[in-house]
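Below is one structure; the comments refer to it alone.
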Amino acid sequence: MSVNLFDLSGRTALVTGSTRGLGNGFAEGLAAAGAAVVLNGRDPAAVSAAAASLRDKGHTVYEAPFDVTSEAAVEQAFADLDAAGVAVDILVNNAGIQLRKPMVELSLAEWQKVIDTNLTSAFLVGREAARRMIARGRGGKIINIGSLTSEVARATVAPYTAAKGGIKLLTRAMTAEWAEQGITVNAIGPGYIVTEMTQPLVDTPSFDNWVKQRTPARRWGRPADLAGTVVYLAAPASDFVNGQIIYVDGGMLSVL
Ligand code: GCO
């Protein structure tokens with residue numbers, strides 16, 4: 001009997017920051033592969049609107065509006081999922097913000113907000129998910145979303161870069177502690193993908209031209225370009241893949 005190594009039927013995936021952008025793309029890709037999805041964002045109305053859209057496509061969708069930077073909110077969200085009988089088998093730590101400003105003009109509060117949203121949230125949500133995956137004893141999948149800035153820096157995005165660099169090594173720290181529990185922890189490093197976050201860059205001709213020249217594929221990525229990689233890392237096909245980061249960047253990191 002052939003086994004579909006990419007079938008997510010019977011599994012449930014929580015994607016943080018999934019009302020729009022890459023997160024919503026990840027959720028739709030996982031749902032298309034058979035997973036039930038739990039959508040998250042801070043705004044309940046935005047979560048409900050995104051859920052309705054995916055339900056209209058025939059997918060099973062749960063709604064979990066909570067602040068990923070709040071330890072109490074994360075704990076309560078998982079308690080609510082427990083009470084609803086929703087077990088998270090797959091976690092995509094996607095939530096993130098961008099703030100483009102020279103470091104000498106950056107306030108501590110601005111720095112902390114990016115670090116909290118882009119890095120600390122992955123610890124808070126990952127810890128709650130892993131506690132339950134370990135208790136259930138049937139493993140799990142955690143996929144942290146990094147960036148090209150997990151490897152290289154660009155001026156004016158220091159807190160984002162520091163956070164995404166941390167995501168790469170947090171992925172390995174999670175692997176060190178949780179792989180023996182059957183939890184695979186890996187990361188995806190998206191290249192320059194057209195989303196609301198990057199739209200200001202797309203709309204800047206000099207930056208748009210730079211991306212197209214600097215990318216061997218000579219184009220910006222689209223959220224759909226990431227669906228195959230997130231399904232692979234969420235599926236049985238990657239059961240012996242641990243602590244890795246896969247760059248989906250059109251080749252940008254591979255060339256000078
Ligand atoms: C920027 C962009 C990048 C991309 C992405 C690249 O200002 O340079 O926001 O950070 O969002 O992270 O991998």
Side-chain angles (χ1 to χ4, degrees), residues 15-23 25-26 40-42 67-71 73-74 92-127 142-175 185-215 220-221 223 226 243-256:
V15 183
T16 62
S18 47
T19 61
R20 58 186 180 170
L22 297 188
F26 291 134
N40 161 258
R42 295 185 64 170
D67 177 357
V68 295
T69 69
S70 161
E71 184 175 36
V74 172
V92 181
N93 278 315
N94 166 80
I97 56 175
Q98 180 60 285
L99 191 157
R100 302 181 181 99
K101 183 182 282 191
M103 257 189 281
V104 294
E105 298 170 18
L106 207 58
S107 71
L108 175 58
E110 290 171 323
W111 165 274
Q112 198 62 58
K113 183 178 180 184
V114 176
I115 295 293
D116 287 350
T117 308
N118 295 21
L119 178 59
T120 305
S121 68
F123 159 68
L124 291 173
V125 182
R127 182 181 63 178
I142 297 177
I143 302 152
N144 297 319
I145 305 305
S147 158
L148 296 174
T149 58
S150 296
E151 292 296 337
V152 292
R154 180 173 91 78
T156 74
V157 291
Y160 185 98
T161 302
K164 292 301 189 181
I167 282 289
K168 177 179 175 183
L169 270 295
L170 177 62
T171 297
R172 295 180 181 174
M174 289 174 167
T175 296
V185 188
N186 293 286
I188 297 173
Y192 279 96
I193 312 292
V194 178
T195 64
E196 284 184 36
M197 181 193 286
T198 58
Q199 195 58 51
L201 305 176
V202 177
D203 296 338
T204 303
S206 58
F207 201 100
D208 177 48
N209 292 332
W210 174 77
V211 166
K212 290 170 180 171
Q213 287 308 308
R214 189 66 185 73
T215 305
W220 288 76
L226 297 162
Q244 301 302 309
I245 183 165
I246 300 176
Y247 288 98
V248 184
D249 68 350
M252 182 181 265
L253 271 182
S254 302
V255 301
L256 288 176

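Note that the coordinates shown come from a computational prediction; the quantities given were computed from them, not determined experimentally. Side-chain atoms are counted along with the backbone in the values below, which use heavy atoms only and exclude waters and symmetry mates.
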At what distance, to the nearest 0.5 angstrom, does CG of Leu170 lie from CE of Met174?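 If we round to the nearest 0.5 Å, Leu170:CG and Met174:CE are 4.0 Å apart.
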Quick check for you: to the nearest 0.5 Å, what is the distance between Ser147 atom OG and Ile245 atom CD1?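 So the gap between those two atoms works out to 8.0 Å.
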[X] versus [Y]: any side-chain heavy-atom pair under 4.5 Å?
| X | Y | answer |
| --- | --- | --- |
| Phe26 | Ile145 | yes |
| Ser150 | Tyr247 | yes |
| Val248 | Pro190 | no |
| Ile143 | Asn93 | no |
| Thr69 | Thr120 | no |
| Pro223 | Ile193 | yes |

When you measure from the side chain of [X] to the backbone of [Y], do you find a donor-acceptor pair of N or O atoms at a distance under 3.5 Å?
| X | Y | value |
| --- | --- | --- |
| Asn40 | Val15 | no |
| Thr204 | Ser206 | no |
| Asn186 | Gly243 | yes |

[X]: partners by side chain to side chain contact (heavy atoms under 4.5 Å, CB included), with sequence neighbours left out:
| X | value |
| --- | --- |
| Leu99 | Lys101, Leu106, Glu110, Val114 |
| Thr171 | Asn144, Ile167, Val185, Ala187 |
| Val104 | Pro102 |
| Ala163 | Ile115, Asn118, Leu119 |

Kindly write out the residues that satisfy ring pair (Phe, Tyr, Trp, His ring centres under 6.0 Å) with Phe123, not counting sequence neighbours, or none if the list is empty.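 In terms of ring pair (Phe, Tyr, Trp, His ring centres under 6.0 Å), with neighbours along the sequence ignored, Phe123 is linked to no residue.
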Restricting to ring pair (Phe, Tyr, Trp, His ring centres under 6.0 Å), what partner residues turn up for Trp220, sequence neighbours left out?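 So Trp220 forms a ring pair (Phe, Tyr, Trp, His ring centres under 6.0 Å) with Tyr192.
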Please report the shortest heavy-atom distance between [X] and [Y], naming the atom on each side.
| X | Y | answer |
| --- | --- | --- |
| Val74 | Leu124 | CG1-O, 3.6 Å |
| Thr198 | Val194 | OG1-CA, 3.5 Å |
| Thr215 | Met252 | OG1-CE, 3.3 Å |

Can you list every pair that meets salt bridge (charged side-chain N to carboxylate O under 4.0 Å, His left out) and has a residue in residues 189-215, with sequence neighbours left out?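 For residues 189-215, and leaving out neighbouring residues, the salt bridge (charged side-chain N to carboxylate O under 4.0 Å, His left out) pairs sorted by first residue read Arg20-Glu196, Asp208-Lys212.
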Residue pairs passing the salt bridge (charged side-chain N to carboxylate O under 4.0 Å, His left out) test where at least one lies in residues 158-171, sequence neighbours excluded: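 Sorted result for residues 158-171: Glu151-Lys168.
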The criterion is side-chain hydrogen bond (donor to acceptor under 3.5 Å, both in side chains); which residues satisfy it with [X], sequence neighbours excluded?
| X | value |
| --- | --- |
| Arg100 | none |
| Ser18 | none |
| Asp249 | none |

side-chain contact (heavy atoms from CB on, under 4.5 Å) between Arg127 and Glu71, intermediate numbers included: CA-CA 10 Å; Arg127 182 181 63 178; Glu71 184 175 36; 2.5 Å; yes
Chi angles and distances behind the side-chain contact (heavy atoms from CB on, under 4.5 Å) call for Asn94, Leu22: CA-CA 8 Å; Asn94 166 80; Leu22 297 188; 3.9 Å; yes
Return all side-chain donor-acceptor pairs below 3.5 angstrom for residues 152-162, not counting sequence neighbours, or 'none' if the list is empty.
residue	atom	partner	partner atom	Å
Thr161	OG1	Val157	O	2.8

